[in-house]
Amino acid sequence: MAEVKNLTVRYGKNAVLKDFSAEFPEGSVTAISGRSGCGKTTLLSAVSGLLRPAHGTLSGFGTCSVLFQEDRLLPFLTAVKNLTVTTGCTETEAKNALMQVGFDMEDIEKTASALSGGMARRVAIVRAILAESDTLILDEPFKGLDDKTRGEVLRFVNANRRGRTTLVVTHDPRDAGDLNADRFINM
Amino acid sequence: MMLSTIRNKKVKSKKHEAIATVCAVAFWLLVWHIVSVAVDSDIILVSPVRVVETLFSVLRDPSFLSTVSYSFVRIVGGFFAAMLLGVLLGWISSRIWIVETLLRPITVVIKATPVASFIILVLLWFSSRNLSVIISMLMVFPVIYLNTLEGIKSTDQKLIEMAKVFRMPLIKRILYIYLPSVIPFFVSACSVSLGLCWKSGIAAEVIGIPDGSIGELLYSAKIYLQTAELLAWTVIIVVISVLFEKLFMALLRWLIKKLGMAGGALHG
């Protein structure tokens, strides 16, 4: 069981997250929603170890792989190389995964800076899924994807989540159901 | 069709530019020749024809290669030493703030102090044989160091966070995140430094007069009022400096391309 206990995170004097507590059973999928600026992304940053909390404890999350709100791809590398370099997967695994989310042979050899917004998003999603981790963190995963592509990506995510504890921040009410979320947090 | 027209226009304009440059050089050579004929004194202003004659006699001199290699090895050695030191200390400074703070006044002083002051100071501490190594290193170091540091500091923090989350090994972080960010700064620093190391290195040799160096020959040309020798050696220095710069920059760009980290570094 992963747990957040009395978590407070500050940016300077401003507490973005105050005395927040929640439990995340192993293998569960938790959908997190709430108005903009309420601290959803801050919570994910704290869980993934990128932000140090002012107070409170985080336990049981282990290693995390993260789909950030921005794609954060290595701009000079191809889609395939982005995956092999960051996750340590083989080229074949990377190519297979990209094919499953709608890439063709030409697109997988394009550098990240030459990819469209939707393609870059898919590479970022595949990266989070392929990386070995105990916890999967998805921040607005399907942002900017059309319905057909969203369906392909959704199938890929559900098929490859490998029972990892998953935290999904979303504004889209469909995401929770489509990702089989069993817990909901409204911040 | 339209693309090929644009390309043809570009090629034509490049050709025109090259012809215009050659014409401009020819114009100034002619002006130089006319003025030297009017002045009629080889000491005050030697003619370009005489300089070319002297240049060929210098090139035929049996000691030419040893003189050039003496200065070349030391000045280029100083450049490479500064490059290594600048990159290494740039990296350390980006990690340890106290190193950056300690080096800040040193780089400010080196940049602001006239090169002649350093040459005289270094002559007090070391022999003149290795003066040009130390001086060219000293002049190049701040340029490489500051640019490397700036490049590392301008690395995208979001990519650094991504690398941390995905537990990318340090070597991959350096290769795929830091280097693409540092390379544009490093390339422009090298381009500036290559000219600088020759100017400062030769100046050091002229003041320190080490035996068998280009600087020694420039000094004796000045003492014996051999204006033609002075200008012939100046031409040789400029040619060696430009050739080395072109070769080094081409090798650097080839290496960057080979490593697949082109980014914005290869433009210009």
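Chain naming here is simple, since letters A, B, ... match the order of the sequence lines and numbering starts at 1 in each. Remember, it's a predicted structure, so these values are computed and weren't measured experimentally.
Contact annotation for A:I137: neither backbone nor side-chain heavy atoms come within less than 4.5 Å of a heavy atom of chain B. At a 4.5 Å heavy-atom cutoff, the contact between B:M168 and chain A is made by side-chain atoms alone. Proximity to chain B is absent for every atom of A:S113, based on heavy atoms less than 4.5 angstrom apart.
The 12-atom threshold is exceeded at NZ of A:K110, counting heavy atoms of other residues, nucleotides or ligands nearer than 6.0 Å. For A:M1, the CE atom sits in a packed shell: over 12 heavy atoms of surrounding residues, nucleotides or ligands are nearer than 6.0 Å. Applying the 6.0 Å contact sphere to CZ of B:R95 captures more than 12 heavy atoms from other residues, nucleotides or ligands. Applying the 6.0 Å contact sphere to CD of A:E26 captures no more than 12 heavy atoms from other residues, nucleotides or ligands. Remark: A:E70 CD is packed, more than 12 non-hydrogen atoms of other residues, nucleotides or ligands lying under 6.0 Å away.
Residues A:E132 and B:R167 are not paired through a salt bridge, judged by the lack of any N-O separation under 4.0 Å between the basic side chain and the carboxylate.
In terms of heavy-atom pairs under 4.5 angstrom with chain B, the leader among A:L74, A:T87, A:T111 is A:L74. Ranked by heavy-atom pairs under 4.5 Å with chain B, the list A:A131, A:C64, A:S48 is led by A:C64.
Within the 4.5 Å cutoff, side-chain heavy atoms of B:L159 are placed close to those of A:P75. Between A:R127 and B:F166 there is a side-chain heavy-atom pair separated by less than 4.5 Å. Looking at B:V165 and A:F68, their side chains come closer than 4.5 Å, going by heavy atoms from C-beta outward.
For the atom pair A:D71 CG and B:K158 NZ, the distance stands at 11.0 Å (nearest 0.5 Å). Annotation: the span from B:I177 atom CD1 to A:F76 atom CZ amounts to 11.5 Å, rounded to 0.5 Å.
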